[in-house]
Amino acid sequence: MFNQLIEKEIENSTTGLSDLNNEIFGSSYMRKIYFKRLARDFRSLYYLLKHFKMKEFFDFFYTKTLVPTGEGSQALFYRLGLSRLIQKYPDRVPLPRFFEMETTTVCNKRCFICEYIYWPEGEQIKRHMSIEEFKHVIGQFPVIRWANLTGEGSSFLNKDYTLMLKYLWEKHRTSIWLVDHLSDVTIETLEEKVFPYIHGLYVSMDAATKQTYESIKIGCKFENVVNNLKSITEYKRRKWTPFPHLSFRYVILKENMHEMALFLDLLNSIAKPSEWGGSSSYVEFTGLLYFPEIYPHYVSEIPRHIIDGLLKRRGGVEFLFSHAEELRNPPIECCNAWMEPYIMMPGYVLPCCAVLMSNRRPFLRKYSFGNVFEKDFKEIWRNEYYSRFRRMIVDPCAPVPKICVGCRAYRTQHRIKEYGIWDVHEQMDHKQCGS
């Protein structure tokens, strides 16, 4: 049944479909929002200058301009033409100065949309990364300007997690961004051991009421999250600081669609839109990264009355859609995410985080580019597999690398249909452009 549904979507997919945000809001409104965000970022940059935090200033500016797709990025230089240059010369992309890393595969929650609870016994070792292992990985990057330390586990269960934040900050003064549900951590821990070292925090929160929230994020406490949000905004008022920028990731499901507009109301009742932070502070209504076990919860198209309800809330906290309707995703040759490597426990290098939530850990280990505990990252980045992958991903007339098949952020079906799939473990000839 699942395969038939996927095949039907592949058959119905076409190139050139409009982006959902442009379709709903209009391109002129989207440009206006983008420039408003840039203006808010300048206020955050001024704050750093005012407090003589020069290294932070440059890394924060780097995040907004040169981080391709990660949390907090505005991708300004890519919008100004850098993307076209990179797609033309992918072999010349330098060693990344940004990455994402999984620091634990341990979790005490049972969120029904998370692959964690569907892992077969023994398929993935469940343990924390140690601070010594973390230092070993960090030592392989001569320069780090941006990092996101988030994975499939619950980060704050790792006793070394806050030590990792402190170490990365003290060694590189890098711009650090996190994703967390904020249910396990106290405001005291955040203020003392987290906020001094980060620029932004994405809160994973998929409902507006206690009943719906706790039925999805089983084991999380709605009151803990709401109280933490109130305490964080109070901390920012007390310190007169825009940091950390607070954003929200709301995964769209059949079970929570009806609360999307209520979620905006909830946030607006906690703080003014300007108090959440800078350009990164908005609600990201995100399409479900599904796999067979959770496909029944997947929403392929958001009903118009839901969107109309959201539009009535414009004027409060901003919101946008991220790969919310799969057929409106851009084609994979437009992808920049491959520039932002993801290091999966324990040490496997993947092209990005989008391939992660797919409930296929053995597959990802097999098709990873290497392991940072076996080879240095610089050697992995320059190996033939990774180099060929970079050339192939941006070529509209090339097969789709197997690790990217089924990507939920970019469309792959049109290229698979025309040019097939490239499997590094099966060296095969493929149809070339124009053949």
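The analysis underlying the following values was restricted to heavy atoms, covering all of them including side chains, and did not include hydrogens, waters or symmetry mates.
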To check you understand the geometry: which heavy-atom pair defines the closest contact between [X] and [Y], and what is its length?
X	Y	value
Thr412	Cys404	CG2-O, 3.7 Å
Ile332	His414	N-CE1, 4.2 Å
Glu123	Arg361	OE2-N, 4.2 Å
Met257	Pro303	SD-CD, 3.4 Å
Pro68	Ala75	O-CB, 3.6 Å
Val349	Pro341	CG1-CB, 4.3 Å

Verify, without hydrogens or angle tests, whether [X] (side chain) and [Y] (backbone) share a donor-acceptor contact under 3.5 angstrom.
X	Y	result
Glu259	Asn256	no
Asn371	Pro346	yes
Lys254	Pro296	yes
Arg173	Asp59	no
Ser73	Val67	yes
Thr105	Ile125	yes
Asn148	Glu100	no
Ser281	Leu246	yes

Would you please indicate yes or no on a ring centroid separation below 6.0 angstrom for [Y] and [X]?
X	Y	result
Tyr197	Tyr167	no
His297	Phe112	yes
Tyr118	Phe291	yes

Less than 4.0 Å between a side-chain N and a carboxylate O, is that true for Glu132 and Lys135? no
Would you call Gln124 and Glu115 a side-chain contact if the rule is heavy atoms closer than 4.5 Å?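 Not touching, per the 4.5 Å side-chain cut-off.
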Looking at side-chain heavy atoms only, is the closest gap between Leu289 and His323 below 4.5 Å?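 Yes, at least one pair of side-chain atoms sits under 4.5 Å.
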Applying side-chain contact (heavy atoms from CB on, under 4.5 Å) to Cys107 and not counting sequence neighbours gives Lys109, Tyr116, Ser154
Please report the C-alpha distance between Ile24 and Phe321 in whole Å, then the side-chain angles of each, then the deciding distance to 0.1 Å, and finally whether the side chain to side chain contact (heavy atoms under 4.5 Å, CB included) criterion is met. CA-CA 10 Å; Ile24 293 172; Phe321 299 94; 3.5 Å; yes
Among residues two or more places apart or on two chains, list those pairs meeting salt bridge (charged side-chain N to carboxylate O under 4.0 Å, His left out) that have a residue in residues 195-211.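 As it turns out, the salt bridge (charged side-chain N to carboxylate O under 4.0 Å, His left out) pairs with a partner in residues 195-211, which skip direct neighbours, are Asp206-Lys217, Lys210-Glu214, Lys210-Glu223.
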Side chain to side chain contact (heavy atoms under 4.5 Å, CB included) between Ser44 and His245: does it pass, once the steps are laid out? CA-CA 9 Å; Ser44 294; His245 289 190; 3.0 Å; yes
Glu133 vs Val372, side chain to side chain contact (heavy atoms under 4.5 Å, CB included): CA-CA, chis, key distance, verdict: CA-CA 10 Å; Glu133 290 174 315; Val372 291; over 6 Å; no
Given the rule in the ring-ring contact (aromatic ring centres under 6.0 Å, His included) test, do Phe319 and Phe25 qualify, once you have shown the distances and angles that lead to the verdict? CA-CA 11 Å; Phe319 65 93; Phe25 299 111; 5.5 Å; yes
Output, in order, the C-alpha distance, side-chain angles, deciding distance and verdict of side chain to side chain donor-acceptor pair (under 3.5 Å) for Thr104 and His128. CA-CA 4 Å; Thr104 185; His128 300 305; 2.6 Å; yes
Gap separating the CG atom of Asn21 from the CD1 atom of Ile33, nearest 0.5 angstrom: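 CD1 of Ile33 is found 10.5 Å from CG of Asn21.
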Euclidean distance, Glu71 CD relative to Glu340 CD, rounded to 0.5 Å: 7.5 Å
Side chain to side chain contact (heavy atoms under 4.5 Å, CB included) assessment of Leu264 paired with Phe285: CA-CA 11 Å; Leu264 298 179; Phe285 289 117; 4.2 Å; yes
Anything under 30° is parallel, anything over 60° is perpendicular, the rest tilted; go ahead and classify His199 against Phe60. perpendicular
